[in-house]
Amino acid sequence: MNETKIKFNTSLIVFLLSFVFVLCTGIFFLEKEDQKRDEFALHQLTQVIENAIWNFDNTGPVGFLKLAAKHQNYKQIIVYKSNIEVFIEIDGPKLSMIDQFLLKIGLIKIRKFESNIFHNSQNIGRVEVIHYHDTIYEHSYLFITLGLTFLVALFFVRISFAKRILKRQADELEVHRNQLEEVVKERTKALIEREKLLRSIFENAVVGMCLISTKGYLEMVNPALANILGFPLEKLLSKNISVFTHPDDIELSFKKFKLLLDGETQKIRFEKRYIHSSGSTVWALVGTYLVRDYEDVPQYFVTFIEDITDRKQAEDEKEYLWSRLQQAQKMEAIGTLAGGIAHDFNNILAAIIGYTEIARMGCHSEQRVTKSLDKVLHASNRAKGLVQQILAFSHQANTKRILLQPASIVKDTIKMLRASLPTTIEISQNIVSKTGLILANSTQIHQIVMNFGTNAFHAMEETSGRLDISLKETILSSEDLVHEPGVKAGTFVKLSICDSGPGIAPEIKDKIFDPYFTTKEIGKGTGLGLSIVHGIVKNYGGFISFYSELGEGATFHVFLPVIEKDLQPDETITVEQIPEGKERILFIDDEEILTEMGKNMLEKLGYQVTVRNSSFEALDTFQNQPDQFDLVITDQTMPGMTGSDIARKMIQIRPEIPIILCTGYSTIISEEKAKSMGIKEFALKPFFMRDIAVLIRKVLDKS
């Protein structure tokens, strides 16, 4: 195409140069011809003037000269006659505006012609003619003809070149058309293949995919999404996506999609819930972006939906296990705390019990002080049981359980509760006297009733209220226990405590059994009551359920499994008289108050007692006189050397020496381990005089 243009332009230039050359040559020859004609006219004029000068009159030469000037386009004619001094100046016709313009631009030239006038071979004068040459103007037809010729020639040349160019362009267009057809065929084929590929990916994708209109209607849906939602494809198409969205997530979805429509983001990714055809909830991870046309007008949303229900359930399970771990860590913390205080608290209780019993031995049974001391011993016994429950709750001590009827314990506890609560609290009870036997500890049953009763009192403390306590048997099936994994179906003793207080707030219902959680003011509760009760009931193989609404009070149900075996409660051994003796006893404890109390107590029973407050002093004493003692009673937890270490060394010195190891709490040694070392008995502090007296006699008599 460019080569054709170059050839055409070259030909045009050659043609134009040739035309200019011909034009210039024509003008040149015309000017020559005009000049010859002008000179001939001038010569003829001089001949006339010669006669006219000699026959000068008003009409002769002047009129003739004017006529000559007119016909010859003379601008000016001047005649001089030197000998007679004749001067004649004749002006020709005035120049038109066109002539003036042509003169200015040089298309018409002005020439000056001169000729002598002779008469009888004598020069009688001279003629000057100023003549404007209008060759171009006069011969404009020549230029018009040449111009038309040029235009016609140019037209035919142009047509010739145009035909050649058009033919060549037509050939090129045909080639391009064929090439374009091939490209279109190839691209159409590629688009078809790509569409097949995209449709295959769309239909076989493992995640849900769909196209959603800007109004929220499903335009395309793949089988994976239909499977996620549990609906056939035809049920989903043309339906609004909000129909399948969980009601609580509709507003969230609207806000997310609006961000795309407003152009605030290019794509979004968030979690939401859908409603399965079965009515269950499906958790999904949704990713979507907005497709716009070339004018930036929103067309539709391309959305990817991944079912993450299993992952969410795993996360919930993980969270549940984490909460269980935290609960276990709390229990461990409680156990550590319990272990830390058990030793000192038991030592204090041991001193209280011991000295109280010593004081009581010196009083008459009918004296009022004896009754007071009995109440001290009773309270001390409850305190001892409380420490054991704390240790049992922290899984660091085993509380002895027996088969018992809970009705009598519950009734006794209600009596104590009535005495401790204000009269503004009305207590109503419905206790079935005879139920199935449960394997439990009486102190723990007492603790369960007291804890729930105390909590109910605090709920109704500011206002009057009613407390209802009932006890009966009930049978629970597997369906009833679906939310209590690990609890076997069967017969249960059901203890119910109901109050008319303000109820439990929904946000704390999941926390009421957590250790240290309390809604009471500082000084009114430690947050351990319900957690301890919960631990006791779980340890019995039972469970606790409750129902509470704000303003409607709270009802707690404690379910304790009934033992199916035909067993009877253990017979209680009553000791009418405390056994005494005369043997020699080495009593070891790092607490001076306890060694003093032990010495007084054992001496009142008739024994010869040697006390030591240091484990090293005690070992030195035994090493020096190993045969001077019939029995060794030692505390386990002491500075420098533990009771088990002392016992091991003493047994090495004298293998048959009977030893009783006393402890309130120990993670180092158990009763089984102590006996495997050769220790005869393992006693838990604090103990009563009758208990230690019976134990001493048991060891000494066996030895």
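Counting from 1, the numbers follow the sequence of the chain as shown. What's counted below: heavy atoms across the whole structure, side chains too, no hydrogens, waters or symmetry copies. This is a predicted model, so every value here is computed, not measured.
Taking NZ from K472 and CZ from F492, the interatomic distance works out to 14.5 Å, rounded to the nearest 0.5 Å. If you take SG on C210 and CG on L233, they are separated by 11.5 Å, rounding to the nearest 0.5 Å. Considering CG of D307 and NE2 of H276, their distance stands at 8.5 Å, rounded to 0.5 Å. How far CD1 of I469 is from CG of N430: 11.0 Å, rounded to the nearest 0.5 Å. Atom CG of L467 sits about 8.5 Å away from atom OG of S500, to the nearest 0.5 Å. From I438, atom CD1 reaches atom CD1 of I409 across 7.0 Å, with rounding to the nearest 0.5 Å.
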request  = Kindly indicate, with the supporting measurements, whether the criterion side chain to side chain contact (heavy atoms under 4.5 Å, CB included) is fulfilled by H246 and T281.
outcome  = CA-CA 8 Å; H246 193 282; T281 299; 3.9 Å; yes
Stepwise side chain to side chain contact (heavy atoms under 4.5 Å, CB included) check, V449 with L495 = CA-CA 9 Å; V449 179; L495 173 65; 3.9 Å; yes
ask   = Does the pair E203 and N222 meet the rule for a side chain to side chain donor-acceptor pair (under 3.5 Å), with working shown?
value = CA-CA 5 Å; E203 293 179 351; N222 73 338; over 6 Å; no
Pair M209-L225, side chain to side chain contact (heavy atoms under 4.5 Å, CB included): steps then yes or no = CA-CA 6 Å; M209 298 176 63; L225 179 57; over 6 Å; no
inquiry  = Go through it in stages, so that I can follow the logic: the residues are M220 and R199, the test is side chain to side chain contact (heavy atoms under 4.5 Å, CB included), and I'd like the CA-CA distance, side-chain angles, deciding distance and then a yes or no.
reply    = CA-CA 11 Å; M220 287 183 64; R199 182 167 292 277; 4.2 Å; yes
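Contact of the F559 side chain with the V537 side chain is not registered, since no non-hydrogen atoms from C-beta on lie closer than 4.5 Å. Under the 4.5 Å side-chain criterion, counting only non-hydrogen atoms from C-beta, L285 is not in contact with W283. Within the 4.5 Å cutoff, the side chain of T555 has no heavy atoms near those of the I497 side chain. Inter-residue side-chain proximity for K196 and I192 is flagged as met; some heavy-atom pair is nearer than 4.5 Å. Two residues are said to be in side-chain contact when any heavy atoms from C-beta on lie closer than 4.5 Å; L211 and L218 fail this criterion. In this structure, V282 and F244 have side chains that are not in contact, with every pair of non-hydrogen atoms separated by 4.5 Å or more. Residues F304 and Y289 meet the side-chain proximity criterion, which asks for heavy atoms closer than 4.5 Å. Within the 4.5 Å cutoff, the side chain of V432 has no heavy atoms near those of the L471 side chain.
The two residues P406 and T435 make their nearest non-hydrogen contact at CD-OG1, 3.6 Å. Nearest heavy atom pair, residue S478 against residue A489, reads N-CB, 3.8 Å. Heavy atoms only, all atoms of each residue included: H534 and I544 are closest at CA-CD1, 3.9 Å. The minimum heavy-atom distance linking H446 with T413 is given by the pair ND1-OG1, 3.1 Å. The shortest heavy-atom contact between G208 and I228 is N-CD1, 3.9 Å.
For E186 and K189, the salt-bridge test fails: no basic side-chain N is under 4.0 Å from an acidic carboxylate O. Under the 4.0 Å criterion applied to side-chain N and carboxylate O atoms, E315 and R311 are assigned as salt-bridge partners. K312 has a carboxylate O that lies under 4.0 Å from a charged side-chain N of E271, or vice versa, which qualifies the two as a salt bridge. Salt-bridge check for E181 with K185: failed, with every basic side-chain N at 4.0 Å or more from each acidic carboxylate O. Electrostatic pairing of D468 and R466 counts as a salt bridge here, judged by a charged N lying under 4.0 Å from a carboxylate O.
Counted by atom type alone, H557 and S545 present zero donor-acceptor pairs between their side chains at under 3.5 Å. K494 and T474 share no side-chain donor-acceptor pair at under 3.5 Å. There is a side-chain donor-acceptor pair under 3.5 Å between S477 and D480.
E219 contributes no side-chain N or O that, together with a main-chain N or O of L237, makes up a donor-acceptor pair within less than 3.5 Å. No donor-acceptor distance shorter than 3.5 angstrom exists from the side chain of N240 to the backbone of V243, with no hydrogens or angles considered. In this structure, the side chain of S548 engages the main chain of I504 through a donor-acceptor pair within 3.5 Å. With hydrogens and angles ignored, the 3.5 Å screen pairs a side-chain donor or acceptor of T454 with a backbone N or O of M450. Here the side chain of K255 pairs no donor or acceptor atom with the backbone of E251 at under 3.5 angstrom. Between the side chain of N227 and the backbone N or O of P223 there is no donor-acceptor pair closer than 3.5 Å. Using modelled atom types, no side-chain atom of T245 and backbone atom of Y274 make a donor-acceptor pair closer than 3.5 Å. When atom types are taken as modelled, the side chain of D499 and the backbone of G501 share a donor-acceptor pair closer than 3.5 angstrom. A donor-acceptor pair under 3.5 Å links the side-chain atoms of N451 to the main chain of Q447, judged by distance alone. When atom types are taken as modelled, the side chain of Y540 and the backbone of N441 share a donor-acceptor pair closer than 3.5 angstrom.
Annotation: F556 is in aromatic contact with F546 [ring centroid separation under 6.0 Å]. Aromatic ring centres of F257 and F301 lie closer together than 6.0 Å.
Annotation for E193: atom CD counts as buried by contact number, over 12 foreign heavy atoms lying within 6.0 Å. Counting non-hydrogen atoms of neighbouring residues, nucleotides and ligands closer than 6.0 angstrom, the CZ atom of F270 exceeds 12 such neighbours. The local environment of OH in Y300 is sparse, with at most 12 non-hydrogen atoms from other residues, nucleotides or ligands closer than 6.0 Å. A 6.0 Å sphere centred on NZ of K272 holds more than 12 heavy atoms belonging to other residues, nucleotides or ligands. Applying the 6.0 Å contact sphere to CZ of R292 captures more than 12 heavy atoms from other residues, nucleotides or ligands.
With P298 as the partner, the side chain to side chain contact (heavy atoms under 4.5 Å, CB included) test is satisfied by one option alone out of D293, V291, L261, L260: L261.
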